[in-house]
Amino acid sequence: MIQGLLLLFLTGILWAGLAAVVAEAGRRQQNITSILLFSAIIVLFASGGLCFIQGPLKGSFTAISLQFILLIAAGSFNYVMLLCVRRAMSTGNGGIVWGFTQSSMIIPFMVGLIFFHEPAGSIRLSGVAAVMAALLLFSCSKSDGSQKGYYWLLPTIAAFILSGTAQSCASLPSYLQLEGMTSLRRMNLTQAGIILAALIDMGICRKAVHIRKSELIAAGAFGGFNLVALCCFYYGLNLLANNGYGSIGYPVGQGSSIAVFFIFCRLAYREKSSPISYLALAFLLTGLSLIAAGIWLS
């Protein structure tokens, strides 16, 4: 149990590392498309071959196709979400942008509640209310030195919706239950979705396929953080699930990620945050804690 929680806290730190790579890409004027494309290729190269020794997928053609579509869509939505995050961070406070985006875990939570009739409970609903209050407070944060008006808000809202949609697509296979659809296969299909979205983006926008040394280093860092984070997340999730607490995985991981990246931006970039931003952060972490506690106590 304790080991599972520690792995999820480590996952949150690594997810904050992903945000740091995106933030640095914006500050250094790096090509984020190349970074995301090559990082996904690195992950597939490092772990894709293991999928072939995990046994066959068992199910109808329709069931298998549906899961492939959902997971590839999850990766594609994540790609566009990170483009929006990069845009938002270029005009806004990085810690606030990442906190707003990562709180999107309430979207798959509501999907499970509405469509799969998962139990709600007053504690968890209080947590959702606190998260919604945090989002309202974040959206009311005015320019405080690092933010240029409200130009950061629209891409941040877009990133929030895209992130929640991606998480919903990624979590639906857990409800549909297909034998042989391991966590490793799910991870690699989402990476394939990122590659597909990047290639379409390059085709539509006629972006050149090139990568500088600094971008290759960033791609390696992003891919490495992502691969280790997913391994820690799924292993920690399995340990908690064995004790009946698997549902607290996302709140713990994302709550840690938000807090770590907010502190990172404050220390590394000297980003200024208004009192309302700190209040929003407090509401957000309280809400995620209540969601996790509600699941734990149910």
Side-chain angles (χ1 to χ4, degrees), residues 10-52 68-90 94 97-98 101-102 155 158-159 162-163 165-167 169-170 182-234 253 257 260-261 264 268:
L10 177 57
T11 299
I13 294 172
L14 292 165
W15 281 344
L18 297 179
V21 173
V22 174
E24 277 295 303
R27 288 173 174 267
R28 297 172 182 267
Q29 297 298 308
Q30 294 176 328
N31 187 331
I32 189 65
T33 296
S34 296
I35 292 173
L36 296 177
L37 173 62
F38 281 92
S39 69
I41 292 173
I42 289 170
V43 173
L44 279 178
F45 182 78
S47 62
L50 296 175
C51 294
F52 294 101
F68 269 60
I69 291 171
L70 284 170
L71 292 166
I72 290 173
S76 299
F77 284 127
N78 266 327
Y79 170 81
V80 184
M81 176 270 290
L82 289 167
L83 295 186
C84 292
V85 167
R86 188 258 176 90
R87 169 66 68 85
M89 285 184 177
S90 67
V97 170
W98 190 245
T101 302
Q102 289 294 288
L162 288 163
S163 178
T165 305
Q167 289 179 49
C169 289
T182 62
S183 58
L184 183 64
R185 283 177 171 147
R186 290 166 68 169
M187 178 183 74
N188 280 281
L189 283 169
T190 58
Q191 299 307 301
I194 291 175
I195 293 172
L196 177 63
L199 293 176
I200 292 173
D201 185 24
M202 288 178 179
I204 293 174
C205 300
R206 298 184 179 181
K207 296 179 180 178
V209 183
H210 66 83
I211 187 165
R212 296 175 292 178
K213 182 179 179 181
S214 62
E215 292 167 347
L216 185 59
I217 293 172
F222 193 96
F225 284 146
N226 198 21
L227 181 59
V228 177
L230 289 169
C231 291
C232 290
F233 178 72
Y234 285 120
S257 171
V260 169
F261 189 67
F264 171 82

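Since the structure is predicted, the reported quantities are computational estimates derived from the model, not experimental observations.
- Between Ala40 and Gln191, the closest heavy-atom pair is CA-OE1, 3.4 Å.
- In this structure, Ala219 and Ser39 approach most closely via the heavy-atom pair O-CB, 3.3 Å.
- Taking each heavy atom of Met89 and Gly94 in turn, the nearest pair found is CE-O, 3.9 Å.
- In this structure, Cys169 and Leu70 approach most closely via the heavy-atom pair CB-O, 3.4 Å.
- Residues passing the side-chain hydrogen bond (donor to acceptor under 3.5 Å, both in side chains) test with Gln167, sequence neighbours excluded: Ser104, Ser163.
- Taking each heavy atom of Glu215 and Asn31 in turn, the nearest pair found is OE2-N, 2.7 Å.
- Listed by chain and residue number, nothing satisfies the side-chain hydrogen bond (donor to acceptor under 3.5 Å, both in side chains) test with Arg86 (two or more places apart in sequence, or in another chain).
- Applying the side-chain hydrogen bond (donor to acceptor under 3.5 Å, both in side chains) test to Thr182 and every residue at least two apart in sequence or in another chain returns Gln54.
- Atoms CD1 and CG, on Ile194 and Asn78 in that order, are 6.0 Å from each other to the nearest 0.5 Å.
- Listed here is the closest heavy atom pair of Gln29 and Arg212: O-NH2, 3.3 Å.
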Let me have the donor-acceptor pairs involving side chains of residues 16-26, under 3.5 Å, with sequence neighbours excluded, atom names and distances please.
unit_1	atom_1	unit_2	atom_2	d
Glu24	OE1	Arg28	NE	2.8
Glu24	OE1	Arg28	NH2	3.3
Glu24	OE2	Tyr269	OH	2.6

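- A 4.5 Å side-chain heavy-atom check between Leu14 and Leu10 finds at least one atom pair inside the cut-off.
- Between Trp15 and Phe225, a ring centre-to-centre spacing not shorter than 6.0 Å is recorded.
- Separation of atoms CG (Leu216) and CZ (Phe38) is listed at 7.5 Å; rounding is to 0.5 Å.
- Taking SG from Cys231 and CE from Met187, the interatomic distance works out to 5.5 Å, rounded to the nearest 0.5 Å.
- With Ser76 contributing its side chain and Ile72 its backbone, the two residues share a donor-acceptor pair below 3.5 Å.
- Qualifying ring-ring contact (aromatic ring centres under 6.0 Å, His included) partners for Phe77, counting only residues two or more places apart in sequence or in other chains: none.
- With contacts defined as side-chain heavy-atom distances shorter than 4.5 Å, the pair Ile195/Tyr79 does not qualify.
- Considering only heavy atoms from C-beta on, Leu82 comes within 4.5 Å of Leu36 through its side chain.
- Residues meeting the side-chain contact (heavy atoms from CB on, under 4.5 Å) test with Ala159, sequence neighbours left out: Met81, Cys84, Val85, Thr101.
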Donor-acceptor pairs under 3.5 angstrom involving side-chain atoms of residues 41-51: please list them, not counting sequence neighbours.
unit_1	atom_1	unit_2	atom_2	d
Ser47	OG	Val43	O	2.8
Ser47	OG	Asn188	OD1	3.3

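- Applying the 6.0 Å contact sphere to CZ of Arg186 captures more than 12 heavy atoms from other residues, nucleotides or ligands.
- The side-chain contact (heavy atoms from CB on, under 4.5 Å) test applied to Ile200 returns Leu196, Ile204, not counting sequence neighbours.
- Between the OG1 atom in Thr33 and the CG atom in Asp201 there is a gap of 4.5 Å [rounded to 0.5 Å].
- Between the Thr11 side chain and the Phe233 main chain, a donor and an acceptor come within less than 3.5 Å of each other.
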